[in-house]
Amino acid sequence: MSLLSIRGISKVFPGGTVAVDDFSLDVASGELVCLLGPSGSGKSTVLRMIGGFERPTAGVVSIDDEEVTHVPPNRRPTGMVFQSHALWTHMNVYKNLAFGLRLRGLPANEIRDKVEAVLELVGLAGYGRRMTNQLSGGQQQRVALARSLVLEPKILLLDEPFASLDQHLRERLREEVRDIQQRLKITTLFVTHGQDEALSMADRIVVMRNGRTEQADRPEVIYRDP
Ligand code: ADP
Ligand code: ADP
C-alpha cells in the first residue's frame with residue numbers, strides 16, 4: 001500500500017482558473033518524488049492540497065489511508081518548507097525549532113534532545129542561540145527544514161525551497177537534502193521548475209503541465225526522453 005494516495009484531485013479557484021485538473025499519484029514510503037513543470041502548471045497547488053492548506057474541488061488525498069481534509073491542522077502528518085523561509089525573527093534558532101514541540105506539550109528535556117539532534121542533522125550544531133536574521137540565506141533554509149523535520153512528519157513537502165539561493169548554494173543544499181532524506185528514509189515531495197534539480201534528486205519525476213501529469217517516470221527515463 002502506498003503512504004500517499006492522490007485520487008483524481010482538481011482545484012478550480014474562484015474566477016474559474018483550473019489550477020489542477022484530475023491529478024492522481026501514489027507515493028510509497030521512503031520515496032522522493034519531484035513535481036517538475038513550468039510556472040503555473042499547478043505544482044504548488046498539488047503540494048498545498050497534500051498539506052491540507054487547500055481543499056480539492058474534487059478528488060481525495062489520503063495519507064496512511066486517512067483523508068487529509070478530515071485531519072485537524074494540529075495533527076497534520078506533513079511538514080512543509082516554502083521558498084521564503086518565514087522563520088520567526090524575534091526568536092532564536094532554538095526557539096524556532098522548539099515552538100511546535102512545545103505546542104505538543106513535550107517535556108523540556110525531550111524538546112532539547114530533539115532540537116539538538118535535528119540541528120546536528122542539518123549541519124547547524126551549536127547555532128541554537130543565534131537569531132535567525134543573523135544567519136545567511138542557506139542557513140535560514142536549513143533552519144526552516146529543521147523546523148519541519150523536528151516534528152517528525154510522515155511526509156516532507158518542499159516547495160522550491162532553494163529558489164532564492166545562488167546556484168552554488170543551491171547545488172550544495174540539494175545534496176544535503178538528498179542525504180538527509182535517505183538517512184531518515186522520509187517520504188518527500190519536492191516541487192521545482194529546474195530539470196537539473198529534479199534529475200539529480202528524485203527517485204521519480206512527475207512532469208506537470210496545465211494542472212495535469214504529462215509524464216511520470218524514473219529520472220533516467222525522463223532524461224532519455226524529455
Ligand atoms: P506552479 O506551482 O506550477 O507555479 P501553481 O499551483 O502556483 O503553479 O498555480 C497554478 C495556477 O493556479 C496558476 O494559473 C495560478 O495563477 C493559479 N492560482 C494559484 N493559486 C491561486 C489562488 N489562490 N487564487 C487564484 N488562482 C491561483
Ligand atoms: P525557556 O522555557 O525559558 O525558554 P528553555 O530551556 O527552552 O527555557 O531555553 C532557555 C534558553 O536557553 C532559550 O533562550 C534557548 O535559546 C536556550 N537553549 C536551551 N537549550 C539550548 C540548546 N540546546 N542550544 C542552544 N540554546 C539553548
Side-chain angles (χ1 to χ4, degrees), residues 4-27 31-63 67-69 71 73 76-86 137 140-141 144-145 147-148 153 155-167 169-171 173-174 177-178 181 187-219 221-223 225-226:
L4 170 66
S5 157
I6 303 176
R7 288 279 161 272
I9 54 170
S10 297
K11 182 71 189 182
V12 183
F13 284 108
T17 304
V18 181
V20 177
D21 183 12
D22 194 19
F23 179 91
S24 296
L25 178 68
D26 280 286
V27 178
E31 241 191 321
L32 191 158
V33 175
C34 274
L35 300 184
L36 172 68
S39 178
S41 56
K43 309 181 296 293
S44 288
T45 305
V46 167
L47 214 63
R48 295 173 60 79
M49 287 193 278
I50 299 169
F53 297 101
E54 208 78 76
R55 183 176 272 275
T57 312
V60 172
V61 179
S62 307
I63 296 171
E67 269 192 50
V68 166
T69 47
V71 181
R76 276 188 193 141
T78 47
M80 189 137 169
V81 180
F82 301 92
Q83 175 176 344
S84 62
H85 21 75
Q140 292 186 13
Q141 278 310 66
L145 177 64
R147 192 175 57 180
S148 282
I155 302 181
L156 185 62
L157 304 173
L158 306 173
D159 192 353
E160 308 242 20
F162 315 137
S164 62
L165 306 175
D166 68 50
Q167 172 78 9
L169 197 54
R170 205 155 58 220
E171 282 170 18
L173 272 163
R174 176 198 292 178
V177 164
R178 184 58 165 150
Q181 188 269 333
T187 311
T188 302
L189 270 88
F190 192 107
V191 160
T192 181
H193 62 263
Q195 179 164 305
D196 290 352
E197 202 150 89
L199 288 171
S200 69
M201 291 183 74
D203 295 314
R204 198 146 54 97
I205 297 175
V206 174
V207 182
M208 289 190 70
R209 191 172 298 273
N210 298 327
R212 307 181 71 103
T213 302
E214 193 174 65
Q215 194 182 0
D217 224 317
R218 287 172 295 120
V221 179
I222 303 266
Y223 186 67
D225 176 29

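Just so you know, ligand 1 is whichever comes first in the structure, and atom 1 is the first atom listed for that ligand. These numbers come from the heavy atoms of this one structure, side chains and all, not from hydrogens, waters or symmetry mates.
The protein non-hydrogen atom at the shortest distance from atom 23 (N) of ligand 1 is F13 CE2, 3.5 Å. Protein heavy atom closest to atom 6 (O) of ligand 1, with residue, atom name and distance, is T45 OG1, 2.6 Å. Here the heavy atom of the protein found nearest to atom 14 (O) of ligand 1 is T17 CG2, 3.7 Å. Scanning the protein heavy atoms around atom 10 (C) of ligand 1, the nearest turns out to be G40 O, 3.4 Å. Of all protein heavy atoms, the one closest to atom 12 (O) of ligand 1 is A19 CB, 3.2 Å. Nearest non-hydrogen protein atom to atom 8 (O) of ligand 1 is G42 N, 3.1 Å. Distance from atom 7 (O) of ligand 1 to its nearest protein heavy atom, with residue and atom name: S44 CB, 3.7 Å.
In this structure the side chain of L158 reaches within 4.5 angstrom of the side chain of L156, judged on heavy atoms. Looking at heavy atoms from C-beta onward, D159 lies out of side-chain contact with V81 at the 4.5 angstrom threshold. The shortest side-chain heavy-atom distance between R48 and K11 does not fall under the 4.5 Å cut-off.
Taking any N or O of K43, backbone or side chain, at least one lies under 3.5 Å from an N or O belonging to ligand 1.
For R7 and F23, the positive end is not near the middle of the six-membered ring at less than 6.0 Å and at most 45° from its axis.
Of the candidates I9, V61, T69, T69 is the only one forming a side-chain contact (heavy atoms from CB on, under 4.5 Å) with R55. Only one option out of V68, D26, L189, T187 pairs with L4 in a side-chain contact (heavy atoms from CB on, under 4.5 Å); it is L189.
The number of heavy-atom neighbours closer than 6.0 Å to CG of N210, taken from other residues, nucleotides and ligands shown, is 12 or below.
Checking atom 4 (O) of ligand 1 against the protein gives a heavy-atom contact under 4.0 Å.
No side-chain donor-acceptor contact under 3.5 Å links T192 to the backbone of L36.
Atoms of ligand 1 lying under 4.0 Å from any heavy atom of S41, numbered from 1 in the order shown and given with element: 1 (P), 3 (O), 8 (O).
Contact annotation: for P38 versus ligand 1, heavy atoms closer than 4.0 Å belong to the backbone alone.
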